[in-house]
Amino acid sequence: MTRFTSHMQQALSEARAAALRGEVPVGAVVTDPQGRVVAAAGNRTRELSDPTAHAEILAIRAACAAAGSERLPGHDLWVTLEPCPMCAAAISAARIARLYYGAGDPRMGGVEHGAQVFSHAQCHHRPQVYNGFSAPQSQQLLRDFFASRR
């Protein structure tokens with residue numbers, strides 16, 4: 001039996017790095033079926049002038065490239081903020097096994113809030129979802145980031 005290890009601290013580090021780049025502080029980490037980190041990323045939408053450059057998308061792209069496959073069965077995704085509908089759809093398309101996220105996102109979320117992508121009949125793959133991992137730290141990063149912009 002594999003021992004459970006949280007990778008949220010690394011996702012939080014990616015989120016902090018994103019904030020330092022002037023990006024919304026969201027970080028993501030992908031682990032393989034053995035629990036090894038295979039990709040990590042933070043938001044880069046502004047830097048890359050790309051509205052799809054969310055942390056989850058970038059981490060999934062890197063993990064797929066490393067695996068040489070468009071699918072990541074048995075892989076886990078750790079992300080500091082509830083994925084938006086676009087990212088939830090990518091998680092489903094990549095066949096991520098488990099999603100762990102920190103803070104919920106009542107305004108833009110696509111898992112527990114809003115579109116609830118995994119609940120739709122059209123959703124081909126539904127990962128196991130675990131929320132609330134390091135939620136206070138994730139929320140504080142976001143609060144501090146947006147307070148500094150006001």
Side-chain angles (χ1 to χ4, degrees), residues 4 6-32 37-65 67 69-150:
F4 178 81
S6 173
H7 294 277
M8 194 56 79
Q9 290 307 310
Q10 186 173 355
L12 285 163
S13 292
E14 292 289 340
R16 288 184 200 97
L20 291 173
R21 293 191 301 270
E23 302 279 357
V24 174
V26 177
V29 173
V30 176
T31 57
D32 70 11
V37 173
V38 294
N43 276 356
R44 292 184 180 273
T45 59
R46 291 188 174 114
E47 176 186 339
L48 299 176
S49 301
D50 180 354
T52 70
H54 290 196
E56 302 95 316
I57 299 291
L58 296 174
I60 289 169
R61 285 177 183 162
C64 285
S69 174
E70 76 281 10
R71 298 213 172 125
L72 299 168
H75 288 64
D76 295 348
L77 175 65
W78 298 82
V79 63
T80 58
L81 182 65
E82 176 183 353
C84 72
M86 173 186 68
C87 291
I91 291 164
S92 177
R95 306 302 195 263
I96 296 287
R98 284 165 296 279
L99 166 65
Y100 300 89
Y101 70 86
D105 189 353
R107 192 169 83 67
M108 297 293 294
V111 176
E112 179 183 354
H113 300 92
Q116 298 179 355
V117 171
F118 305 136
S119 299
H120 284 261
Q122 295 88 351
C123 183
H124 294 291
H125 170 78
R126 292 163 182 80
Q128 294 172 15
V129 177
Y130 304 92
N131 62 17
F133 279 80
S134 301
Q137 297 96 315
S138 298
Q139 291 165 335
Q140 193 61 52
L141 270 173
L142 290 160
R143 271 196 295 274
D144 293 349
F145 177 80
F146 288 111
S148 72
R149 301 278 181 280
R150 292 186 185 122

Q.
Closer than 3.5 angstrom, by distance alone: can the side chain of H75 be matched with the main-chain N or O of P73 as a donor-acceptor pair?
A. yes

Heavy-atom closest pair (A63 atom, A39 atom, distance to 0.1 Å) is N-CB, 3.6 Å

Taking atom CZ as the centre, does R149 end up with more than 12 heavy-atom neighbours from other residues, nucleotides or ligands that are less than 6.0 angstrom away?
yes

Nearest heavy-atom approach of P85 to A115 is CG-CB, 3.9 Å

- Query: So, E82 side chain and D105 main chain: donor-acceptor pair closer than 3.5 Å or not?
  - Reply: yes

With sequence neighbours left out, the residues meeting side-chain contact (heavy atoms from CB on, under 4.5 Å) with A93 are none

Quick note, ring-ring contact (aromatic ring centres under 6.0 Å, His included) partners involving residues 104-124, not counting sequence neighbours, are none

Across all chains, not counting sequence neighbours, the side-chain contact (heavy atoms from CB on, under 4.5 Å) partners of Y130 are R98, Y100, Q128, F133

Derivation and outcome, side-chain contact (heavy atoms from CB on, under 4.5 Å), residues L72 and C64:
CA-CA 7 Å; L72 299 168; C64 285; 3.8 Å; yes

Distance col, row L99:CG vs I91:CD1, nearest 0.5 angstrom, shows 5.0 Å

Separation between CZ (R16) and CD (Q137), nearest 0.5 Å, reads 8.0 Å

Residues 38-60 vs salt bridge (charged side-chain N to carboxylate O under 4.0 Å, His left out), sequence neighbours excluded, gives R21-E47, R44-E47

Which of I60, V79, N43 passes side-chain contact (heavy atoms from CB on, under 4.5 Å) with H54? Answer is N43

Can you find a side-chain donor-acceptor pair between S69 and R95 that sits under 3.5 Å?
no

Test side-chain contact (heavy atoms from CB on, under 4.5 Å) applied to T80 and L141, step by step
CA-CA 10 Å; T80 58; L141 270 173; 5.6 Å; no

E112 meets the side chain to side chain donor-acceptor pair (under 3.5 Å) criterion, sequence neighbours left out, with Y101, N131

So OG1 of T52 and CE of M86: to nearest 0.5 Å the spacing works out to 5.5 Å

Contacts of S92 meeting side chain to side chain donor-acceptor pair (under 3.5 Å) (sequence neighbours excluded), chain-then-number -> none

